[in-house]
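First up is the structure itself, then whatever we jot down about it.
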Number of protein chains: 2
Amino acid sequence: MGLTKTENFTEAQNELAKMLKALAHPARIAIIEHLIKANACIGTDLVEVLGLAQPTTSQHLRELKEAGLIKGTIEGTSMNYCIDQVKWKQYADKLNAFFTPVNFSESCC
Amino acid sequence: MGLTKTENFTEAQNELAKMLKALAHPARIAIIEHLIKANACIGTDLVEVLGLAQPTTSQHLRELKEAGLIKGTIEGTSMNYCIDQVKWKQYADKLNAFFTPVNFSESCC
DNA sequence: TTTATTAATCGTAATATTGCAATATAATAA
DNA sequence: TTATTATATTGCAATATTACGATTAATAAA
């Protein structure tokens with residue numbers, strides 16, 4: 001069906017899945033990495049960096065924006081994108097909490 | 001096209017995206033959480049836990065197995081699933097490295 | 001043997017995602 | 001005003017994902 005049965009799961013589970021999904025594409029990873037690395041925020045050489053068409057790049061940027069991971073400010077005709085560091089920290093914390101559970105019961109297989 | 005242009009990105013970027021994708025579904029999050037919480041490894045009450053059909057559950061389990069996150073051992077007619085703790089730690093480390101970059105250039109937007 | 005029981009696989013329908021060309025929008029430059 | 005530049009949106013084609021019924025395979029129980 002292609003349609004996730006979100007009603008079967010907790011809000012926390014759905015949210016975590018959504019967070020992971022927002023980053024589950026190499027282009028979006030590449031965008032984030034580039035924004036972290038760049039000492040200045042970026043107009044859009046991002047199209048060049050990714051090697052994807054401008055509309056495709058714009059779409060990935062929108063997904064990251066919708067996830068709250070990046071912000072964009074207008075600068076003339078172009079856009080300055082950068083990481084939303086507050087949201088980024090929230091992501092890091094939530095994922096860290098998920099990946100380092102308090103008690104791992106000893107492996108039985 | 002629905003087909004990711006992996007050739008545009010580095011191996012590390014593609015791998016990280018794949019890792020995130022393996023967990024980017026609430027059912028797979030739920031499976032992992034249940035396997036962590038359960039003091040014993042699980043036959044498959046997982047079908048009940050998820051509230052999804054048996055083939056659907058099996059499919060999600062396969063994806064997690066292919067990602068290396070879980071292992072299964074045969075026990076009679078049933079299967080015992082559990083987290084692969086070595087792989088799990090690798091995941092935690094890689095994601096942690098991604099989310100806590102050494103130098104965040106100060107925000108400019 | 002026959003009959004459950006459990007889990008994987010196959011086939012398929014419905015929806016989602018990825019990517020791009022074409023177009024639209026909006027701000028600047030000439 | 002008319003370009004030019006940068007970005008977003010629309011529409012569409014191709015592939016991927018999610019879910020399930022039906023079937024298969026393999027062990028256990030009768």
Side-chain angles (χ1 to χ4, degrees), chain A residues 1-9 13-14 17-31 34-35 40-67 70-82 109, chain B residues 1-9 13-14 17-31 34-35 40-67 70-82 109:
Chain A
M1 295 157 173
L3 188 142
T4 298
K5 281 196 157 180
T6 52
E7 70 272 19
N8 283 33
F9 309 102
Q13 288 166 340
N14 285 317
K18 211 167 158 189
M19 284 167 56
L20 292 162
K21 204 169 177 183
L23 286 167
H25 191 289
R28 296 195 286 274
I29 301 279
I31 289 171
H34 192 255
L35 289 181
C41 288
I42 296 309
T44 299
D45 25 32
L46 275 173
V47 174
E48 255 187 77
V49 170
L50 299 185
L52 297 174
Q54 181 268 324
T56 309
T57 304
S58 181
Q59 197 173 308
H60 284 302
L61 284 167
R62 184 173 54 184
E63 281 179 69
L64 287 172
K65 224 185 307 174
E66 274 170 7
I70 66 174
K71 299 180 289 185
T73 53
I74 301 169
E75 184 146 325
T77 66
S78 54
M79 274 298 241
N80 264 357
Y81 282 108
C82 66
C109 56
Chain B
M1 293 158 172
L3 186 144
T4 297
K5 281 198 157 181
T6 52
E7 71 272 20
N8 283 34
F9 309 102
Q13 287 166 341
N14 285 316
K18 212 167 157 187
M19 284 167 56
L20 292 162
K21 206 168 175 182
L23 285 167
H25 191 289
R28 297 197 285 277
I29 300 279
I31 289 171
H34 193 255
L35 289 181
C41 287
I42 297 309
T44 299
D45 25 32
L46 275 173
V47 174
E48 252 186 81
V49 170
L50 300 185
L52 297 174
Q54 181 267 323
T56 309
T57 304
S58 182
Q59 197 173 306
H60 284 302
L61 285 166
R62 184 174 53 185
E63 281 178 69
L64 289 172
K65 225 186 306 175
E66 275 170 6
I70 65 173
K71 299 181 290 185
T73 53
I74 300 169
E75 184 145 324
T77 67
S78 55
M79 274 297 242
N80 264 358
Y81 283 108
C82 65
C109 56

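Letters A, B, ... are given to chains in the order of the sequence lines, protein chains preceding strands, and every chain is numbered from 1.
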Okay, side chain of Asn8(A), backbone of Leu50(B): is any donor-acceptor separation there less than 3.5 Å?
yes

Just jot down the side-chain hydrogen bond (donor to acceptor under 3.5 Å, both in side chains) partners of Thr44(B), sequence neighbours excluded, or say none.
none

For nucleotides 8-14 of chain C, read 5' to 3', which letter fits each nucleotide if B means a protein heavy atom sits under 4.0 Å from the base, S means only the sugar-phosphate is that close, and - means neither?
BB---BB

What is the per-nucleotide protein-contact pattern of nucleotides 25-30 of chain C, from the 5' end, where B denotes a base atom under 4.0 Å from a protein heavy atom, S denotes such proximity for sugar-phosphate atoms only, and - denotes neither?
--BS--

So the salt bridge (charged side-chain N to carboxylate O under 4.0 Å, His left out) pairs with at least one residue in residues 42-62 of chain B (sequence neighbours excluded) are none

Any base atoms under 4.0 Å from Thr44(B), or only sugar-phosphate, or nothing? Heavy atoms, all strands.
sugar-phosphate

Quickly work out the [X] [atom1] to [N] [atom2] distance and round it to whole Å.
X        : N       : atom1 : atom2 : result
Glu63(A) : dT7(D)  : CD    : P     : 18 Å
Asn8(B)  : dC20(C) : CG    : C1'   : 13 Å
Ile70(A) : dT7(D)  : CD1   : P     : 12 Å
His60(A) : dT17(C) : NE2   : P     : 12 Å
Asn80(A) : dA8(D)  : CG    : P     : 12 Å

Using a cut-off of strictly less than 4.0 Å between a heavy atom of the residue and any atom of DNA chain D, enumerate the qualifying residues of residues 19-31 of chain A by number.
none

In a table with atom names and distances, give each donor-acceptor pair under 3.5 Å that connects a side chain of residues 53-60 of chain B to protein atoms at least two apart or in another chain.
unit_1   : atom_1 : unit_2   : atom_2 : d
Thr57(B) : OG1    : Ala53(B) : O      : 3.0
His60(B) : ND1    : Arg28(B) : NH1    : 2.9

Hey, are the side chains of Tyr81(B) and Leu61(B) touching, using non-hydrogen atoms and a 4.5 Å cut-off?
yes

